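The structure under discussion appears below in the form of structure tokens.
Not measured: the values here are computed from a predicted model.
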2 protein chains.
Amino acid sequence: MPDLTMETPIRPLPEEPTQASRFGKARTAQSGALLEDYVELISDLLTDGGEARPTDIARRLGVAHATAIKTIGRLKREGLAVAKPYRGVFLTEAGESLAARVRARHRVVVDLLLAVGVPFEAAESDAEGIEHHVSDATLAAFARYLARG
Amino acid sequence: MPDLTMETPIRPLPEEPTQASRFGKARTAQSGALLEDYVELISDLLTDGGEARPTDIARRLGVAHATAIKTIGRLKREGLAVAKPYRGVFLTEAGESLAARVRARHRVVVDLLLAVGVPFEAAESDAEGIEHHVSDATLAAFARYLARG
DNA sequence: CTCGGAATGTAGCCAAGGCTACATTCTGTT
DNA sequence: AACAGAATGTAGCCTTGGCTACATTCCGAG
Ligand SMILES: [Mn+2]
Ligand SMILES: [Mn+2]
Ligand SMILES: [Mn+2]
Ligand SMILES: [Mn+2]
């Protein structure tokens with residue numbers, strides 16, 4: 001277990017606009033995270049069992065059902081999902097397409113973590129947060145790394 | 001540029017409690033992210049120029065100064081920072097210690113990204129979000145990977 | 001066919017983290 | 001010493017994403 005606090009070569013503070021842009025991107029990425037998790041999960045549930053019901057979604061996310069229903073409303077407003085009362089949730093074209101991208105990214109992130117030696121459950125758990133902050137450039141680099149083995 | 005949508009081996013849905021726990025951990029991690037970024041930045045500013053003033057903090061984070069001041073108030077409530085009106089911000093012992101851990105983790109995450117081939121600016125940018133979702137187990141794995149070179 | 005329990009939906013509360021507008025304090029220059 | 005402009009602080013607004021409590025709807029067992 002290496003000592004992470006040792007030998008700190010001086011890294012100069014980034015320029016102000018550079019740093020602001022980095023923080024800004026992290027905030028932007030975060031703001032989309034919840035919707036990404038919802039569409040990915042809904043897509044999984046639809047594939048797996050043919051239906052995605054609010055209670056199941058809520059239980060899998062570990063939130064109250066009212067919370068899930070409210071967020072599903074947001075998915076509808078943003079054109080990602082469709083749902084009629086008491087009928088379960090479905091994804092629009094846009095929703096399916098987002099889900100596909102999100103699922104692929106999730107998989108690559110987990111695989112990358114495993115490839116560098118992260119234990120399985122930590123990889124799955126951390127990936128759930130990390131995935132939302134992986135840019136296209138980083139995703140491509142991960143895929144390249146995995147392809148080389 | 002590899003096609004990430006191809007050959008999807010079936011990955012079964014995780015058990016409900018498992019998945020809920022993963023999402024829950026991601027939410028928890030996220031809730032601490034802002035404070036982590038603040039203490040790291042404040043510590044950097046103090047080291048670099050001897051003072052950390054609200055306007056500088058706000059500019060570097062890319063937020064309005066009122067936003068920064070409100071969050072500094074939260075840092076004080078949580079025992080991480082001390083500030084007297086018009087006097088700049090300082091860190092408590094707890095704040096310094098958190099900052100040190102956060103800075104070390106930030107560095108390891110960036111280095112890991114660079115090591116697997118992520119371009120520099122993407123590494124720095126993505127790390128700003130990723131770092132908050134890297135557990136101790138994952139951090140240790142990253143450090144081990146970097147140590148092997 | 002009925003009816004009770006599960007699922008769904010609604011209402012209203014809260015804290016976090018953005019913002020703008022305005023008020024106050026400090027400080028460097030004249 | 002005065003004052004203009006910068007920095008700081010305050011007030012109040014908004015959205016997001018949690019929650020609980022309650023109301024409504026559905027559906028399967030009997
Ligand atoms: Mn996720
Ligand atoms: Mn995911
Ligand atoms: Mn960060
Ligand atoms: Mn950081």
Discussion item. At under 4.0 Å between heavy atoms, how does the protein contact nucleotides 1-8 of chain D? Give one character per nucleotide, 5' to 3', with B, S or -.
Written reply: ------SB
Discussion item. Distance check needed: dT15(D) P versus Arg77(A) CZ, whole Å only.
Written reply: 9 Å
Worksheet item: Is there a donor-acceptor contact under 3.5 Å linking the side chains of His133(B) and Glu131(A)?
Response: no
Worksheet item: What's the NZ-P distance between Lys70(B) and dT10(D), to the nearest Å?
Response: 12 Å
Worksheet item: So, Arg105(A) and Asp111(A), do they make that salt bridge, N to O below 4.0 Å?
Response: no
Worksheet item: How long is the line joining CG of Leu34(B) and P of dT16(D), in whole Å?
Response: 18 Å
Worksheet item: Are OP1 or OP2 of dC19(D) and a side-chain N or O of Thr67(A) less than 4.0 angstrom apart?
Response: yes
Response to the item:
Whole-Å distance, Lys76(A) NZ to dG9(C) C1', equals 10 Å
Practice prompt. Could you tell me whether Arg103(B) and Glu40(B) have a side-chain N and a carboxylate O separated by less than 4.0 Å?
Written response: no
Worksheet item: In whole angstrom, what separates Leu35(B)'s CG from dG18(C)'s P?
Response: 11 Å
Worksheet entry | Distance test, side-chain N/O of Arg27(B) to OP1/OP2 of dT16(D), below 4.0 Å | no
Discussion item. From CG of Leu75(A) over to P of dT16(D), roughly how many Å is that when rounded to an integer?
Written reply: 12 Å
Discussion item. We want to know whether His132(B) and Glu36(B) form a side-chain donor-acceptor pair, criterion being a heavy-atom distance below 3.5 angstrom.
Written reply: yes
Worksheet item: For the side chain to side chain contact (heavy atoms under 4.5 Å, CB included) test, which of Leu146(A), Thr138(A), Val116(A) pairs with Val116(B)?
Response: Val116(A)
Worksheet item: Rounded to the Å, how far apart are Glu51(A) CD and dC27(D) P?
Response: 11 Å
Worksheet item: CZ of Phe23(A) to CG of Leu61(B): how many Å apart, nearest 0.5 Å?
Response: 5.0 Å
